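Just below is one structure, and these are the notes that go with it.
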Amino acid sequence: MSAFLALIGRDLKLAFRAGGEALTLVLFFVMVAVIVPFAIGPDRPQLSRLAPGIVWIAAFLSMLLGLDRLFRNDDEDGALTLLRHADLPLEAVVAAKVMAHWLVTALPLLLATPVLALLLSMSWTQWGQTVLALAIGTPALVSFGALGAAVTVGLRRGGLIAPVLILPLSIPVMIFGVGMTDPLAGGGATLFLIALSLVVTAFSPFAAALALRVAGE
């Protein structure tokens, strides 16, 4: 357990030492919400109805920005080779890196959602439901991202290929996430989103670890 926590702390220190990544993601997240009203027009009721979907799309696109660095930096400096032969199972290594990546990429977006609520004319109830949906669904998005990053870690331009791989997998997460704000489908969508997020978060470390072993051979 100490090695698991130490690995999370290491990745957090590297992220903060690199500087600016979380701020870049948050700025991109807010910029999407600033640009969309110009495309939709000044109809505030329509903007409010579309707001949960806009927030989910902005969150997904923002989280893609930092995806390429999840395993690639460790692969390039040789740290990933050491982690493959460490006492800590590779599946636990992947789980620790996924958790650290969620803290660096998804948590800042959750904290920035009040800004988007103001820009997109969301009610407080709608904002609360959207934040809850993001808190439940973003671990699944990060887990899918880890799987895509692991599959493409040994490929040139893998950072361009990974989003293409994980986009079809992430669509159900966004559908159920937006559905949580629908009064007619909210309860069922919530249960499906919780189940999907738990299953993906539980099994993705094993699939990503297998992909990393294959890439290292």
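Worth knowing before you read on, the calculation uses all heavy atoms, side chains too, and leaves out hydrogens, waters and symmetry mates. Fair warning: this is a prediction, and the values are worked out from it, not measured in the lab.
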Which atom of [X] lies closest to which atom of [Y], heavy atoms considered:
{"X": "Ala133", "Y": "Gly177", "answer": "CB-O, 3.5 Å"}
{"X": "Leu70", "Y": "Lys97", "answer": "O-CE, 3.1 Å"}
{"X": "Pro205", "Y": "Val94", "answer": "CA-CG1, 3.8 Å"}
{"X": "Ala140", "Y": "Val200", "answer": "O-CG1, 3.8 Å"}
{"X": "Trp127", "Y": "Met122", "answer": "CA-CE, 3.8 Å"}
{"X": "Leu12", "Y": "Ala100", "answer": "CD2-O, 3.9 Å"}

Do [X] side-chain atoms and [Y] backbone N/O form a donor-acceptor pair below 3.5 Å?
{"X": "Ser197", "Y": "Leu193", "value": "no"}
{"X": "Arg72", "Y": "Thr152", "value": "yes"}
{"X": "Ser48", "Y": "Ser121", "value": "yes"}

Consider only side-chain heavy atoms of I, L, V, M, F, W and Y, link residues closer than 4.5 Å, and tell whether [X] and [Y] are in one cluster.
{"X": "Val115", "Y": "Met63", "answer": "yes"}
{"X": "Ile35", "Y": "Leu27", "answer": "no"}
{"X": "Leu5", "Y": "Leu107", "answer": "yes"}
{"X": "Leu118", "Y": "Leu120", "answer": "no"}
{"X": "Ile136", "Y": "Val199", "answer": "no"}

Using 0.5 Å steps for rounding, measure from the [atom1] atom of [X] to the [atom2] atom of [Y].
{"X": "Ile8", "Y": "Trp102", "atom1": "CD1", "atom2": "CH2", "value": "12.0 Å"}
{"X": "Ser62", "Y": "Leu141", "atom1": "OG", "atom2": "CG", "value": "11.5 Å"}
{"X": "Trp56", "Y": "Ile175", "atom1": "CH2", "atom2": "CD1", "value": "11.5 Å"}
{"X": "Thr138", "Y": "Leu110", "atom1": "OG1", "atom2": "CG", "value": "5.5 Å"}
{"X": "Leu83", "Y": "Leu7", "atom1": "CG", "atom2": "CG", "value": "6.0 Å"}
{"X": "Leu147", "Y": "Leu212", "atom1": "CG", "atom2": "CG", "value": "9.5 Å"}

Do [X] and [Y] make a side-chain contact, defined as non-hydrogen atoms from C-beta onward lying under 4.5 Å apart?
{"X": "Thr130", "Y": "Leu116", "answer": "no"}
{"X": "Leu47", "Y": "Ile54", "answer": "yes"}
{"X": "Leu25", "Y": "Pro108", "answer": "no"}
{"X": "Ser204", "Y": "Phe144", "answer": "no"}
{"X": "Phe29", "Y": "Thr113", "answer": "yes"}

Inset, instruction - With side chain to side chain contact (heavy atoms under 4.5 Å, CB included) as the test, would you mind laying out the steps for Leu119 and Val34 before giving the verdict? - result: CA-CA 7 Å; Leu119 293 172; Val34 171; 3.7 Å; yes

Inset, instruction - List the steps, then state whether side chain to side chain contact (heavy atoms under 4.5 Å, CB included) holds for Ile166 with Leu64. - result: CA-CA 10 Å; Ile166 67 172; Leu64 289 180; 3.5 Å; yes

Legend entry - Phe28 CZ: over 12 foreign heavy atoms closer than 6.0 Å: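 More than 12 heavy atoms, drawn from other residues, nucleotides or ligands, come within 6.0 Å of this atom.
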
Inset, instruction - Apply the test side chain to side chain contact (heavy atoms under 4.5 Å, CB included) to residues Arg49 and Gln126: give CA-CA distance (whole Å), side-chain angles for both, the deciding distance (0.1 Å), then the verdict. - result: CA-CA 9 Å; Arg49 286 195 302 274; Gln126 202 178 22; 5.8 Å; no

Legend entry - Geometric class of the Phe203/Phe206 ring pair [parallel <30°, tilted 30-60°, perpendicular >60°]: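 Rings of Phe206 and Phe203: tilted, 30 to 60°.
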
